[in-house]
Structures are given as structure tokens and as C-alpha cells.
There are 2 protein chains.
Amino acid sequence: MHVSFALAKIYTYVNVEVIGLNDLGEFKMKIDVTQHLTLGAKRTLKAFRLAMFEALSEKEFDKITVNDICKKSEYPRATFYNYFDDKFDLLQYLWSYIGKDILNKIPRDGDEEEGLVKIFNLLLEFFNDHQELLANITKNNGSDSHLWHSMSGYLRHEANILVYNYCKDNDQVKVPVKLLARFYSDLIIAVLEWCLFEQPEIDINTADEYLVNLLNGGLNA
Amino acid sequence: MHVSFALAKIYTYVNVEVIGLNDLGEFKMKIDVTQHLTLGAKRTLKAFRLAMFEALSEKEFDKITVNDICKKSEYPRATFYNYFDDKFDLLQYLWSYIGKDILNKIPRDGDEEEGLVKIFNLLLEFFNDHQELLANITKNNGSDSHLWHSMSGYLRHEANILVYNYCKDNDQVKVPVKLLARFYSDLIIAVLEWCLFEQPEIDINTADEYLVNLLNGGLNA
DNA sequence: GTTGTATTTTGACAGTTGTCAATTATTTTA
DNA sequence: TAAAATAATTGACAACTGTCAAAATACAAC
């Protein structure tokens, strides 16, 4: 009884909603960052965001509790739950906040292959420019952590939206456009993870070659 | 203090271990199904497995608690934790148990493209033959649930091992074999999800065409 | 500035989680 | 078959989770 209604209830009196799903995949957050936020809400969100970021540099994500976040941010637990469903939700908010840095640089339309490589390069570049962030994310964890999966899931989602725009007008392809976009964004993330975790000293040209080779059919290489 | 040692402690007196990571990705479970299990352990594992399976048909995974599982299986909570880290761990065990049905049918080696299509077809066939299982998995959830991600993650992992064996001897490819295998298994899962959730009435030939088209380069289609 | 309304915060609560030391059951050995 | 060793189970515990109704705060309109 206690748990059964957990997700059914929405605090309508808080300026907090569920982002409508676009048809390119799920990425739900309790707070709607596109909505107007009052000063107080902004202040509180910032406190939680910073608290999580700080906590992430101190211990691995699995060991971080909502209590930790609340102690750091100096808010009671109940306030936390006004803004976030759980610590995963806060994490997604953190990624979307950080992610703005990357996404703004990406051109909205253009050639498909060119666009893919561009997105990939921006992502790779971003992590090169933010080594300490990547270190935080993978500290005490491999590439196999909740933490990285959460971030890469977000990046895949954003890449998917961009890629979909690149190829939605192309009516020559023999597979559904949505599937094609999914394929492309999976590919980008796969090569990205390879570069970050398996071959960190790789140069960008080789990385691009890998991407393009796979793009043009892994078999007939 | 309480939580910090959570993963450091291993109950050595229980015949229960961590499966060594192979180098194709992570898939940890507390219990080692390859190890010999005593009669008592088998009986207990079975009870938990069935309890989870039954619970999954009744409510969505997020709402299922360890207490639910224990009530159904008529074991106390502490026994549950002797065998599993948490309910996710039990879920993975359930998939690996179910998964044996699929994996046994797959040939160990052969041509790359042929092999990929074969794996894909077996997976698609499996879910066609087990509609009620798929229905259970996606009941109350979309394809976006913890539940499906957990299962597809397991399938991707197994597909990855098989695919790696197909292409590990091919020294003509221009990308690292491990990356290539990752690419292939991502592709299989992507098309599988497409067929199961976006276009459930698709015929198997069209599905194979999608797979092969993407395999040979989505762009020059 | 006072009143009324909507937003934000809060403490307390019931339920869930994972752990431990102690107990019971099962298997092995003498 | 009795004792010893190993494996499995258990109840109780401390910490964490998510929710609620009530209190406090900000914010408008008059």
C-alpha cells in the first residue's frame, strides 16, 4: 500500500513535472528544466547539484546515499524528494546540466556521415577537455558503473535526437529512420567508450577511422 | 560504516562466489552457476527463481520488494541475501537460467554475417515462441523498463561472446576485434528491440534485411 | 501594508534494505 | 554411529527510503 502509490502521486503544488516523452526514447526527470523556475527552486536545485558533484569525487555512486546529499546541501530529506525521485534522478539532472556544454556546439543539420563524425568528435573532445570529470565518473568504478551508464545513456539520447534530424529527410534508406538513428547513436557511444576506456591514448584520426569503417560496414573492411 | 563494507565482505562459508569477469564485458552475479551446488542450495535457488518469476507476472519490477520474494518463497530475508546481492542480482540469475534455452541452439563458429543473422533469428524466434514471457517482462512497463534493459543487457553480453568468437580470427578488419564485436552485438539488440516493440508484426525476412542493410553500412543503402 | 494564494520547506513515520552473530541442518570422517 | 566440519538458515538490528500533512515562506492583488 505504501509503495504501490509511489509513482501515481504527483506534487502538483510544486513547479515540477514529468518531461513528455519525445518519440526518440525515454529520458524522464521529475523536474522540468525547460519550465520557469523560481529563485528559491533554482537555489535549491543548485545546492543538490553541487552536493552530488562533490560527493561523486569522494566516493563511488553506489555508496552515496540521499542522506549524504542532504547533509552536504544542508536540506532535509523531504526537500530532496520534492525535486527528485531518487539519486538516479538527480544524476540525470546533473548530466543534462553538464550536457548543455556539449550540445550547444553541435550544428543542427548537414550531411549524415559528416554529422555523425562531428558529434563523435565533439564528445571525444569534451572528455579530453574535462579529464577530471571523467576521472570522477570512473573513480572507483570501471566503465561498467551505474554512473557511466547513466551518463552515456544521456549522451546516447541526445545524440539520437541530433542524428534523427540529420537523416529524417533521407528517403533513400532501406530501414526505418528511427531504427537508423538508433543504430547511429549506438555506434557513436560504442566507439566513444572504446576510445575512453580501452584505448585512451588513441589519436582522433584513428578514432574517426574506426567510426567511419564501422559505419560503412564492419565486414567489408 | 554500515554501507562501506557492503561489497568487501564475502560469505566464504557459503558456496557462492563472484564470476570472474571475462574480457568481453561485465556480468557479475553473486552465485556461480558453473560451480557445484548442493541439493539444499538448488532447492533454495529454485524457490527464489520461481518466486521472482511469479512476482513479475503480478506487478512491475520496480514495485517488487525483496520482502515480496521472501513471502512467496517462504524463506526469511537473510536467506535471500546469502544467495543474491539484491533483487537485480536475482533477475540476472533468472535471465541466465532462462537464457540457456536460447544459447544452446547457437553454432559456435562459422561465417561472420551468417553467424550474426543466425543469432538474431534465434533471439527473435525465442521471443515469438515465448510471447507470454515477453508480455510478463513488458507488462506495466514499456521497452524502457529496468526489466527489459536487464534482460537485453544479458542477451547483448551473450551475443557479444558468440560474435567475438566468429570474428576473432579475422585479421582483415580495420578496427579492433573487441570493438567490432561490441558493434555487432549492439546492432543485434537494436534490431531485436525494433522488431519486438516498434514493429511487432514484422516478418522475419524484412527483419533480416534491416539487419544486413545496417551491417553493410546504413548510409550507402 | 494587509489579505489571500501558491510555493517551498520540514519533521515524523511506516516500510525496505543489507548485515551479523548465533543457530540449525547436513555432510564427512573416524 | 558419534564427533567434527562444513553448509545453510534464521531473527534481530541499524541505516536508508519515500511519503504525508502541517508549517513556513514568498509573492501577488488590492
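Just so you know, these numbers use all the heavy atoms, side chains as well, and skip hydrogens, waters and symmetry mates.
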Candidate nucleotides C:dT19, C:dT7, D:dA8, ranked by approach to the side chain of B:Thr44 - the nearest: D:dA8

Listed nucleotide nearest any side-chain atom of B:Asp86, set D:dT17, C:dG18, C:dG11: C:dG18

Parallel, tilted or perpendicular, as decided by the 30° and 60° cut-offs, for the rings of B:Trp148 and B:Phe197: perpendicular

5' precedence on DNA chain C between B:Asp68 and B:Leu39 (nearest-nucleotide basis): B:Asp68

B:Gly40 vs A:Phe80, nearer the 5' end of DNA chain C by closest nucleotide: A:Phe80

Short side-chain N/O contact from [X] to OP1 or OP2 of [N], under 4.0 Å:
| X | N | result |
| --- | --- | --- |
| B:Tyr83 | D:dT9 | yes |
| A:Asn67 | D:dC16 | yes |
| B:Thr38 | D:dA8 | yes |
| A:Thr79 | C:dT8 | no |
| B:Arg77 | D:dG11 | no |
| A:Tyr81 | D:dG18 | yes |

Value in whole Å for how far the P atom of D:dA8 lies from CG of B:Leu45: 9 Å

Euclidean distance, atom CZ of residue A:Phe84 to atom P of C:dT9 [Å, nearest integer]: 12 Å

A:Glu58 vs A:Lys72, salt bridge (charged side-chain N to carboxylate O under 4.0 Å, His left out): CA-CA, chis, key distance, verdict: CA-CA 12 Å; A:Glu58 293 169 5; A:Lys72 277 188 195 299; 2.8 Å; yes

Heavy atoms from other residues, nucleotides or ligands near CD of B:Glu74 exceed 12 (cutoff 6.0 Å): no

Closest-nucleotide ordering on DNA chain D, the 5'-leading residue of A:Ala78 and A:Ile64: A:Ile64

B:Trp95 and B:Phe88 aromatic centres sub-6.0 Å: no

